[in-house]
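Structure, as structure tokens:
Please read all numbers here as calculations on a predicted model, not as lab measurements.
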Amino acid sequence: MRQYSANLLEPQIPAQAAHRGPEPAGAVPVNSVRPPSTSTESWRVLVVESDTCDADALIRGLRRHGHDVAGSDTGAKALRSYQDVDLVLLDLELPDLDGLEVCKEIRSACDVPIIAVTARSTELDCVLALQAGADDYLVKPYGFRELMARMDAVMRRSRSQSPAPQAIAHGRLLIDAGTREVHLDSRRIEVTRKEFDLLYHLATHPDTVVSRKELMQRVWGDTWSRRTVDTHVSSLRSKLGASGWIITVRGVGFRFGHA
């Protein structure tokens, strides 16, 4: 059963329209107008939702508002996909793992904002989700405008808790923490969220050898994986066109360099 519409102005379908049966996913009622997004920013959003109709409608709605959206229909997939997103919309009713456990796993690894989206409507459910690390809690069915407003609020709080970003210039390379963009010779280099965090951390310590363990703790949280660090370093070197930007110090870690 559809829990929401990505296009409806109101949270619920009027009662007098109920006899017409369910409308097609994504359909816009006659005389309705799609509400404008309250945000001018574009975020990478992970939608963790096992119901195909709900997920498709939500993903379409978010993409129409300019967001880059990926979907996961299980908890296991979500735990493999959250590393490079700005926001997670997490359904607590998942087929393989309890959503609260997924929330705890993500929160233990990083501080990415999480909004729990669920049919569980009791006060206890809300408390448990917030204790598990969710930043907000939204009960189905809900209105799309409310969801967008909550997303904006969560992202504002997330930014306000972070220190003022700065731009770092090293020769031909510019790393701008304000826009989270990397430019080489004035050409923008597309990097993932974790690639940016890794490069920025190395660049803010240009004369220091940073261990793999410290990079894991700073960029990914407490989860330790040598392969994760090495894979991201290799990807960055490829995108920057030279290995000299990130120098391997054998047996220790990495330091920032110049190419």
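When all heavy atoms of Arg63 and Val69 are compared, the closest pair comes out as NH2-O, 2.9 Å. Gly133 approaches Cys103 most closely through the heavy-atom pair C-SG, 3.8 Å. What you find for Tyr82 and Leu79 is that their closest heavy atoms are CE2-O, 3.3 Å. Closest approach of Glu195 and Ser235 over heavy atoms only: OE2-OG, 2.6 Å. Taking both residues in full, the closest heavy atoms of Val154 and Pro113 are given as CG1-CB, 3.3 Å, listed atom of the first, atom of the second, then distance. Residue Arg212 comes nearest to Asp230 through the heavy atom pair NE-OD1, 2.9 Å, listed as atom of the first residue, atom of the second, then distance.
Between Leu46 and Asp84 the shortest side-chain heavy-atom distance does not fall below 4.5 Å. Looking at Leu138 and Arg150, their side chains come closer than 4.5 Å, going by heavy atoms from C-beta outward. Looking only at side-chain heavy atoms (C-beta outward), Asp73 and Thr52 stay at 4.5 Å or farther from each other. Counting heavy atoms from C-beta on, the side chains of Val229 and Thr231 never come closer than 4.5 Å. Between Asp135 and Ile115, the closest side-chain pair of non-hydrogen atoms is not below 4.5 Å.
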Please list, one pair per line, the donor and acceptor atoms closer than 3.5 Å that link side chains of residues 180-189 to other protein atoms, with sequence neighbours excluded.
| from | atom 1 | to | atom 2 | distance (Å) |
| --- | --- | --- | --- | --- |
| Arg180 | NH1 | Asp197 | OD1 | 3.3 |
| Arg180 | NH2 | Arg193 | O | 3.3 |
| Arg180 | NH2 | Asp197 | OD1 | 2.7 |
| Glu181 | OE2 | Arg188 | NH1 | 3.3 |
| Asp185 | OD2 | Arg172 | NH1 | 2.7 |

Can you give each donor-acceptor pair under 3.5 Å made by side-chain atoms of residues 85-100, sequence neighbours left out, with the distance rounded to 0.1 Å?
| from | atom 1 | to | atom 2 | distance (Å) |
| --- | --- | --- | --- | --- |
| Asp86 | OD2 | Arg44 | N | 2.8 |
| Asp91 | OD1 | Glu93 | N | 3.2 |
| Glu93 | OE2 | Arg120 | NE | 2.7 |
| Asp96 | OD1 | Gly75 | N | 2.9 |
| Asp96 | OD2 | Gly75 | N | 3.4 |
| Asp96 | OD2 | Ala76 | N | 3.0 |
| Asp98 | OD1 | Leu100 | N | 2.8 |
| Asp98 | OD2 | Arg120 | NH2 | 3.3 |

Apply the test side chain to side chain contact (heavy atoms under 4.5 Å, CB included) to residues His258 and Leu173: give CA-CA distance (whole Å), side-chain angles for both, the deciding distance (0.1 Å), then the verdict. CA-CA 9 Å; His258 296 271; Leu173 187 65; over 6 Å; no

Could you walk me through whether Leu198 and Leu236 satisfy the side chain to side chain contact (heavy atoms under 4.5 Å, CB included) test, starting with their C-alpha distance in whole Å, then the side-chain angles of each, then the deciding distance to 0.1 Å, before giving a yes or no? CA-CA 9 Å; Leu198 189 155; Leu236 275 171; 3.8 Å; yes

Run the side chain to side chain contact (heavy atoms under 4.5 Å, CB included) check on Leu128 and Leu130 step by step: do they pass? CA-CA 6 Å; Leu128 290 175; Leu130 295 175; over 6 Å; no

Do Val48 and Val102 pass the side chain to side chain contact (heavy atoms under 4.5 Å, CB included) test, and can you show the C-alpha distance, the side-chain angles, and the key distance before you say yes or no? CA-CA 10 Å; Val48 186; Val102 175; 5.6 Å; no

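The aromatic rings of Tyr200 and Phe196 lie parallel to each other, their planes meeting at an angle below 30°, with 60° marking the opposite boundary. Ring geometry for Trp43 against His67 counts as parallel: the plane angle stays under 30°, on a 0 to 90° scale with 60° as the upper cut.
No side-chain donor-acceptor contact under 3.5 Å links Lys140 to the backbone of Val117.
Atoms CG and CD1, on Asp136 and Ile114 in that order, are 12.0 Å from each other to the nearest 0.5 Å. Atom CD in Glu123 sits 7.5 Å away from atom SG in Cys126 (nearest 0.5 Å). Annotation: the span from Leu215 atom CG to His201 atom NE2 amounts to 5.5 Å, rounded to 0.5 Å. For the atom pair Arg60 CZ and His65 NE2, the distance stands at 13.5 Å (nearest 0.5 Å). Taking CD of Gln83 as the start and SG of Cys110 as the end, the distance is 7.5 Å to the nearest 0.5 Å. In this structure, CZ in Arg107 is found 13.0 Å from NZ in Lys104, a value given to the nearest 0.5 Å.
No single ILVMFWY cluster, assembled from side-chain heavy atoms under 4.5 Å apart, contains both Leu174 and Leu199. Hydrophobic clustering of Ile, Leu, Val, Met, Phe, Trp and Tyr side chains at less than 4.5 Å, counting indirect connections, keeps Ile247 apart from Phe254. No continuous path of hydrophobic side-chain contacts links Val209 to Trp245 [ILVMFWY only; heavy atoms under 4.5 Å]. Clustering ILVMFWY residues whenever any of their side-chain heavy atoms sit less than 4.5 angstrom apart, transitively, puts Leu124 in the very cluster that holds Tyr137.
Within a 6.0 Å radius of CZ in Arg255, no more than 12 heavy atoms belonging to other residues, nucleotides or ligands are found.
For Phe256 and His170, the distance between ring centers is under 6.0 angstrom.
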